[in-house]
Amino acid sequence: MAHTDTSPYYITTAISYPNGRPHIGHAYEAIAADVIARFQRLRGRTVRFQTGTDEHGLKMARKAEEQGRTARDLADEMSGYFQEMCDALNVGYDRFIRTVEADHHRASQAIWRRMEAAGDLYLDRYEGWYSVRDEAYYDESELVEGEGGAKLSPQNTPVEWTVEESWFFRLSKYEEPLLELLKSPGFLEPASRRNEMIAFVEQGLRDLSVSRTSFDWGVKVPNSDNHVMYVWVDALTNYLTGLGFPDDTAMMRDFWPADLHLIGKDIVRFHTIYWPAFLMSADLPLPKKVFGHGFLLARGGEKMSKSLGNVVDPLELANTFGIDALRYFLLREVAFGQDGSYSPEAIVTRANAELANSFGNLAQRTLSMIFKNMDGTLEAFETSDVDDALLGEVADACRNVLPDEFEKLAFSNGIEAWMRAVYACNQYVDEQAPWTLKKTDPERMKVVLQTLFVALRDLAVAIQPVVPEKAAALLDQMGVPQGQRSYADLADTQWFQRLVEAGFALQKPQGIFPRLELPDEAEV
């Protein structure tokens, strides 16, 4: 369906906790957000895309202490790896935010003052179970029993009994408005996460401890010598910091409230209960949507963790298989929102079957035959019913189905429709057999090849968000001008005629998706 929304669009990932190097799960979220950002830009919207690192908290302080260095020194090194990952995977963020930055401390203190002015902060003593690894407080009723009777959080992380003076936030005051928010269509997806959060709020909310005195690695609480903010108050505020909050900036006016917070399913509570409550207290508009995606699991369905030793460096995968092949695999393989698994074999199988053998081969055969049999020049042509049927099928997949599915974040469905259009083109090549027509009916051969050329342009434009480098390389070879590659341009039926009139000549085509080989185990 034609989509004419040109309003600004703000998307964020969760900011990653850099107490270790990035793994494939971090890459998955960053790539998915980048695909959404590119997709919305191709729809004609002005997009702001923010990612970054969440560097405060007890976990970082302890890790630095273990290594005999300062927390800031550790944060600088580790944050660098996350920025490097985004750059290497072609993740086109507008701001890579770090919570150690001065403007972020200022924004966090500003939201704190607003919550205080609303009467929602009070000083008391905190006693309870805290998980350093999750940087989260848990009620006794949520704990599970581990080996030897040890108490563990619902995420199976160790908890410790903590007693200290703390500022509390009146979370209980926001129970009703939060329930109303969670029940409003579209705010939290997928539905399974929404139901979990509704159930959590319906059990009753207790006030939240929002400051710590047992360490000092964090944002200082205003007018307090010894309190630092609970890491989640500071972390969540990053989404505002990046737009210039607390100042009345053009970015705040254009981009807040956020259109989409894209996060992992394990931090949904923080983003859909704590964060909206903080915003309500601070009298700020609430984000339009939070989407909690699933985990990417290693072979055998194991969750990746440093302790299991199954963490895979996403840059190694990108170097081995190619950035675009990795991006394609991650969005094609898993229904977005559910857990999925990956393995080197699965990446090679999927990329070879669909990118190399189907789409890449279609492009290479078509362009090579035009180059060889038509001297690379295009000419006006009249289609027959069979050509129109193919072009109609491809246009529908690229202009309607894929964009509609991507708008719903149903990437695998959108790519599935695109892939069916690729298969239809390959079937058309086999049925029309242009190599035979070359001898029997050269004029018909030209119509068939140019019909495929038109279809290829639609296919390449549509898949750009997922495989930006390879799609651009194909469109460059085909002479499609840089400024004519948006989704709106798919409706432009004169582009081919303009190429003909400009005397465009196709150069000897270069393959875009080589077949992948499975590397030796030692290499991955």
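When a residue number appears, it is its place in the shown sequence, counting from 1.
- With salt bridges taken as basic N to acidic carboxylate O contacts below 4.0 Å, one links R62 and E160.
- Side-chain polar atoms of D87 and Y93 form a donor-acceptor pair below 3.5 angstrom.
- Close placement of the Y126 and Y137 rings is indicated, their centers lying within 6.0 Å of each other.
- For the residue pair T213/N226, the side-chain donor-acceptor check at 3.5 Å is not satisfied.
- Between E135 and K59 there is no salt bridge, since no side-chain nitrogen of the basic residue lies less than 4.0 Å from a carboxylate oxygen of the acidic one.
- For F411 and F406, the ring centers are positioned less than 6.0 Å apart.
- H56 and Y17 are not linked by any side-chain donor-acceptor pair at a separation below 3.5 angstrom, with hydrogens and angles left out of the test.
- No donor-acceptor contact under 3.5 angstrom links the side chains of R206 and S172, judged on distance only.
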Applying side-chain contact (heavy atoms from CB on, under 4.5 Å) to W129 and K151, what does each step give before you reach the verdict? CA-CA 9 Å; W129 296 104; K151 290 184 187 297; 3.4 Å; yes
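- Side-chain N/O atoms of T12 and H261 include a donor and acceptor closer than 3.5 Å.
- Aromatic rings from Y10 and F49 are positioned such that their centres are separated by 6.0 Å or more.
- For Y239 and F245, the gap between ring centers reaches or exceeds 6.0 Å.
- Y28 and H293 have perpendicular rings, their planes meeting at more than 60° on a 0 to 90° scale where under 30° would count as parallel.
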